[in-house]
Structure formats: C-alpha cells, structure tokens
Amino acid sequence: MASSNASAILPVGVGYGVVCGIGFFFAILMCGISRLQNRYTKFSTNASEEFNTASRSVKPGLVASGVVSAATWAATLLQSSTVAYEYGIAGPFWYAAVATVQITAFAVLACKVKQNAPRCHTYLEVIYTRYGGATHCVFIFFALLTNILVASQLLLGGSAVVTSLTGMNVYAAIFLIPLGVCVYVVWGGLRATFLCDYSHTMILMIVMLYFMFSVYTTNPLIGSPAAMYRLLQEATLKRPVVGNIDGSYMTMKSNFALLYAIIQFCTGCGSVVLDQAYWQRAIASRPTTAVRAYLLGGIAWFAIPFGFSTTLGMAAVALADHPKFLTYPNTMSPSQITAGLAAPFAAAALLGKDGAIALLIVLFMAVTSCASAELIAVSSILTFDVYRTYICPAATEKQLIFVSHAMICAFGFTMALVASLWNALGIDLGWLFLVMGLLIGGAVFPVAFTISWRGQTRAGAVSGAIGGLGAGLVAWLVTARQCYGEITVATTGREYPTLAGNLAALVTGLVLSVAVSLFKVDDFDWQVTRAMNPSQSANEIPRPPDAASESDDQKRTRNEKIALEEPAKLKAALRLAWISVALLAFILDFLIPIPMFLSHYIFSERFFIAWVVLSFVWVFFSAAISTVLPVAEALVFFKRLASDLGGDFSDRDD
Ligand SMILES: NC(N)=O
C-alpha cells in the first residue's frame with residue numbers, strides 16, 4: 001500500500017504544516033482577493049454567472065495558466081517520474097507529448113463550444129438540449145465518474161507522498177488536503193480558482209527550476225548533464241530496462257514506453273474531453289481568445305512533466321543504489337514505484353530535508369490547484385445539470401449560489417471518501433491512472449461529436465458511450481485473465497490488460513457512435529443550442545456604476561457581441577486550432593520520437609546535454625506564458641485598482 005512511512009525523513013508536524021498551513025494561507029489570501037473583486041470590479045461572486053463562468057471574461061494568459069494548472073495533477077509530477085524510472089528518457093517524453101497534443105486539441109472543442117453553444121455553463125447542458133433527459137443522465141454519469149477518478153487520484157498521489165516523507169496519517173492527509181481548497185472555492189468561485197491557479201503555477205515553476213538547477217548544475221551527487229549521463233549508463237549495466245534497446249535508459253527505442261504512450265493517449269482523451277474543468281475554462285474565456293488560450297496552455301504544460309521527470313525521475317534512476325537514497329540498501333519496491341515515490345525519494349536523496357520539503361510544496365501546489373478546478377467543475381454540473389434541470393427549474397440567483405456552495409463542500413468530502421476507499425483497497429495512483437481510460441473512454445467521441453457533428457443521433461451517442469464502457473471492461477478483464485491466469489489488483493494494473501481495455505473503450509465508442517448515427521443520420525440545427533440560456537445577463541447582479549471603469553467593460557461587452565455576431569472570426573480561430581494541433585501532433589508524436597524509435601538510437605552524451613538544455617528552455621518559456629503573460633494582460637486593471645484603493649484610503653483619511 002502507498003501509505004508506508006518507513007522512509008519518513010521529515011517530522012510529522014511538517015506534513016500537517018504543509019497541508020493545513022499552506023492550505024489555509026491560500027484560503028485566506030483568496031478570500032481577501034475575492035473581497036477586493038467584489039468591492040472594486042463589476043464582477044460579483046454573489047452572481048451565479050460570475051461564480052460558475054467568471055462572466056466569460058477571462059483573458060487568454062490567465063486561461064492558459066488555468067489550463068496548465070487544471071492539467072497538472074499529482075500524476076503529472078509523480079506518474080511521469082515513475083515512467084522515467086521504469087522506461088528511461090522515453091517515459092517523460094511520451095507522457096508530456098501525448099497529453100500536450102490532447103490539451104491543445106481541446107482548442108478545437110473550445111472553439112466549437114463558442115460557435116455552437118456560446119451561453120452554456122457545462123457541456124452536459126448541450127447534451128440535454130440536443131438529446132433530452134435520459135441521454136443527459138447517461139453523460140452526467142460519465143462526467144461525474146471522470147471528476148471522481150481525477151480528483152481521487154490527486155488525493156491518492158498527494159497523500160502517498162506526504163505520508164511517505166513525513167509519516168502523517170494517510171487518511172488525515174486525504175481529508176485535510178481538500179479542506180482549505182473548499183474554503184476559497186466557496187468564497188470566490190471560478191475566478192478565485194483562476195487566481196489560485198496562477199499563484200500555484202508560479203510557485204510550481206520556481207520549485208521545479210530549483211530542482212533542475214540543483215540536479216544539472218550544483219548538486220554534489222550529480223551536478224551536470226554529463227555526470228547524469230554517466231550515472232545512467234552505470235544504471236543500464238546494473239538494472240537494464242526490459243524492452244529497451246541494449247537495456248538503455250537513454251533511448252526512445254522503448255517498447256513499454258510506447259505501449260504506455262498508447263494507454264496515456266486513451267486515458268488522456270477521456271480525462272480532457274469529459275472533464276468539465278476543461279470546458280469551464282473554454283466557457284470562461286472570451287469567444288475569440290479561447291483557442292489561443294488552449295494552444296498556449298497546452299504548449300506551456302509540456303514543460304511540467306517533461307522538465308520535472310527528466311530531472312527527478314532520471315535522478316531516481318541515477319541514485320537508486322546510492323546510500324542517500326531512502327530505500328538503501330534496497331531499490332524501490334514495486335508498490336513504491338507504482339505509488340509514484342520515485343520523484344520524492346530522488347528529491348530527498350539530492351537535497352535532504354530541503355528537497356523533501358520542496359517536493360511536498362510543489363506537489364501540494366499541483367494537487368490543490370487541480371482540486372480547485374475539479375471542485376468548481378463538479379459544482380457547476382450538480383447545480384446546472386442536476387439541481388436547475390431536474391429539481392428546481394425556476395431557481396433564483398440566491399438558490400443557485402447556495403447550491404453551488406453546498407455542492408463544492410459535498411464533492412470535497414466525496415473525493416476524500418473515494419480516495420480513502422482506494423487506499424483501503426490497496427489501489428494506488430499508477431493503477432487508477434492506467435484504468436481510468438477504459439472506464440470513461442467510450443464517452444469521449446460521443447461527447448466531442450455532440451458539439452461538433454450535426455449528424456450524430458441520440459442512439460449513436462448513448463450506444464457509443466455504454467458500448468465503449470462494456471467493451472473496455474470485457475477486454476481489460478479477459479486480457480488480465482489470459483495473460484496472467486488470474487484477475488487481481490496486480491494483474492489488472494499491468495500494461496497489456498490496461499492497453500486492451502483502453503483501446504477497446506475508445507475505439508468502440510467511436511465506431512458505435514458513428515455507425516449507429518449513420519444508420520439514420522441526424523441534421524441537427526445548431527441554432528437550438530446557440531439559443532440556450534438566453535436570459536443569462538438578466539441573472540447578473542448589477543454592480544454600482546462607480547465600482548469600476550465602465551468604459552472598459554462596455555467596450556469589452558460590445559466586442560464580445562461583435563465576436564458572437566461575427567462567425568468569420570470564430571471560423572478563423574477554428575482553422576488556427578486545427579492547423580496548430582495537426583502540426584504539434586506531427587512534431588511531438590511522430591517527427592521527434594518515431595525516427596529515434598525505428599533507428600534504435602541511443603543518446604550520445606552531447607545529444608543528452610542538448611535534451612536537458614531543451615527542457616530548461618521549455619520550462620522558462622512555459623513560466624513566461626503562465627506567470628508573466630497574465631500579469632502583462634492585467635496591467636491596466638492593476639493601475640485602476642491601485643488608484644481606486646488610493647482613493648478609498650484618502651477618503652478614509654479625510
Ligand atoms: N494531465 C496529465 N495527464 O497529467
């Protein structure tokens with residue numbers, strides 16, 4: 001089980017300090033920011049449009065930072081390092097390359113939702129409007145399943161690390177991590193999660209650079225790319241990688257890394273397309289900038305798993321038999337590997353207690369900022385798709401806000417409960433990550449087609465989702481039984497069963513939704529979904545006219561109206577999205593890895609140094625997109641806020 005604390009190198013108080021102290025620090029900070037927002041801007045957190053969609057006004061830099069944050073799970077840091085430890089340099093590259101293309105591909109859906117349902121709150125509302133209640137309920141199931149799997153993975157990964165480094169009780173960690181997050185999300189809604197995303201991503205970048213500079217420039221145990229290269233060559237001789245050419249850690253010719261990439265592709269399709277958190281960021285952004293935000297966010301996110309695990313995952317390989325490694329004289333056990341402990345153990349070996357604390361902080365930032373995105377996403381589903389649709393269609397603004405708040409708390413508790421259940425059953429992060437795609441993959445294409453293909457029928461959508469789930473489960477269990485003779489947690493978490501299940505679910509969902517729809521193809525009129533929620537602006541609580549510079553806001557509203565009325569702009573954005581995604585997929589998923597795979601290339605020392613330099617450059621570029629761009633965009637706002645605050649203080653002095 002992941003909760004072993006034999007290797008705890010920090011006192012238990014540090015675990016509680018990080019989880020409670022930092023959690024509540026951010027809760028108080030975000031509550032203060034929300035008060036400033038209510039006082040000095042026209043956006044009130046007491047309006048449900050603002051609470052759940054940030055008034056669809058967020059600029060692309062902040063959305064990009066939010067995309068980076070929503071996509072940065074515990075797994076992004078831990079699982080990517082696990083695959084570096086298991087498969088060598090190919091693991092981090094495939095992890096980052098596959099998921100980056102999926103995140104940027106969401107730009108296409110972001111554009112489609114702006115074109116075809118510009119006033120929806122959730123993608124499920126589009127399904128309800130197009131196909132009615134029964135189909136809606138089927139997809140609510142898949143949506144909530146996705147959120148529960150993603151959110152419980154966060155807590156499972158986060159708590160395993162806190163427990164292993166500090167000895168903190170694993171259940172205490174699972175329940176305390178979401179507590180502070182619930183407080184600030186209840187207080188500030190979606191805009192608070194964007195601001196929190198921003199601050200957490202900035203800290204994450206700083207700590208990541210701290211690790212990178214230590215490992216590759218100063219640390220006495222490694223200290224340079226050349227030393228890392230030498231240690232990885234020694235590791236190849238002592239612990240060659242099965243399925244890699246010459247057992248080398250320094251090659252893209254890694255059969256199991258390639259298998260992993262396919263599983264990652266299937267899992268990632270589901271966790272992007274079915275996660276309301278991604279749709280929410282598209283919905284929150286301005287129509288004409290949603291595409292840019294997703295392209296920037298996806299490209300920026302690449303640096304996180306790539307940079308982090310090319311550093312700490314590879315350091316875990318290099319130092320696995322060093323006396324400072326926490327498992328010395330043994331190497332990591334299979335359960336420690338699959339729980340995601342390669343990176344924490346490497347951090348502790350490299351930098352002792354400082355490294356362990358830095359790792360705890362960076363992981364806590366990833367877990368809490370993604371948890372905030374999940375909380376507000378689920379709250380929107382339960383508020384708009386369950387409460388307003390089936391329980392109280394005439395709900396007032398006050399009722400919607402009350403339900404949103406209650407659902408955030410309810411989901412915070414539920415994610416902790418489910419994570420505790422996984423932990424009690426002995427299921428860890430690695431298992432959940434590989435299995436998730438086969439449970440949700442069937443619904444991926446039906447959901448994507450709902451917003452993008454007028455021909456998909458209700459029967460096509462439902463049969464694709466349910467048929468995909470059935471096919472995924474059967475392929476998974478049958479393969480586990482056939483390959484390993486029994487169905488256990490261990491055998492069902494292996495590569496071949498999860499590969500079979502993930503592929504079966506995704507492909508069956510695609511084939512059934514297309515084939516069944518073509519049987520009696522639909523000709524849906526997008527005007528129906530474009531007309532959804534027509535009176536939303538009437539729900540907004542008006543802010544006092546002197547509370548903000550109305551001229552800016554009026555200008556923005558006018559621009560957005562123009563954008564909505566100018567389909568040509570959205571068409572151009574869609575073309576940009578398709579071209580960028582195709583180009584990125586070609587470069588990252590074919591041009592770079594496949595020739596190296598086919599030619600069985602093993603990195604030379606110079607090539608490895610260039611690879612490491614690339615990871616540094618990408619992390620700096622990513623930091624600029626996700627931390628500098630949002631501030632640059634908001635300079636005008638900050639100037640106005642400073643003058644409003646100055647005005648208030650001088651009024652008080654008078
Ligand atoms: N978001 C992921 N796949 O780490």
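Worth saying up front: this structure is predicted, and the values here are computed from it rather than measured. Each ligand, and each atom within it, is numbered from 1 in the order the structure gives.
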A.B. asks: Would you please classify the geometry between the Trp431 ring and the Trp422 ring as parallel, tilted or perpendicular, with 30° and 60° separating the classes?
C.D. replies: tilted
A.B. asks: Just verifying a value: how many Å separate Leu351 CG and Tyr210 OH, rounded to the nearest 0.5 Å?
C.D. replies: 4.0 Å
A.B. asks: Which word best sums up how the rings of Tyr294 and Tyr278 line up, parallel for under 30°, tilted for 30 to 60°, or perpendicular for over 60°?
C.D. replies: tilted
A.B. asks: Answer with yes or no whether the side chains of Thr146 and Asp275 bring together a donor and an acceptor at under 3.5 Å.
C.D. replies: no
A.B. asks: Quick check on ligand 1: any N or O pairs to the protein under 3.5 Å? One line per pair.
C.D. replies:
from     : atom 1 : to    : atom 2 : distance (Å)
ligand 1 : 1 (N)  : Ala71 : O      : 2.8
ligand 1 : 3 (N)  : Tyr95 : OH     : 3.4
ligand 1 : 4 (O)  : Thr76 : OG1    : 2.6
ligand 1 : 4 (O)  : Tyr95 : OH     : 2.6

A.B. asks: At what distance, to the nearest 0.5 angstrom, does OG of Ser309 lie from CE of Met314?
C.D. replies: 9.0 Å
A.B. asks: Please report the C-alpha distance between His200 and Phe364 in whole Å, then the side-chain angles of each, then the deciding distance to 0.1 Å, and finally whether the ring pair (Phe, Tyr, Trp, His ring centres under 6.0 Å) criterion is met.
C.D. replies: CA-CA 9 Å; His200 283 36; Phe364 190 75; 7.4 Å; no
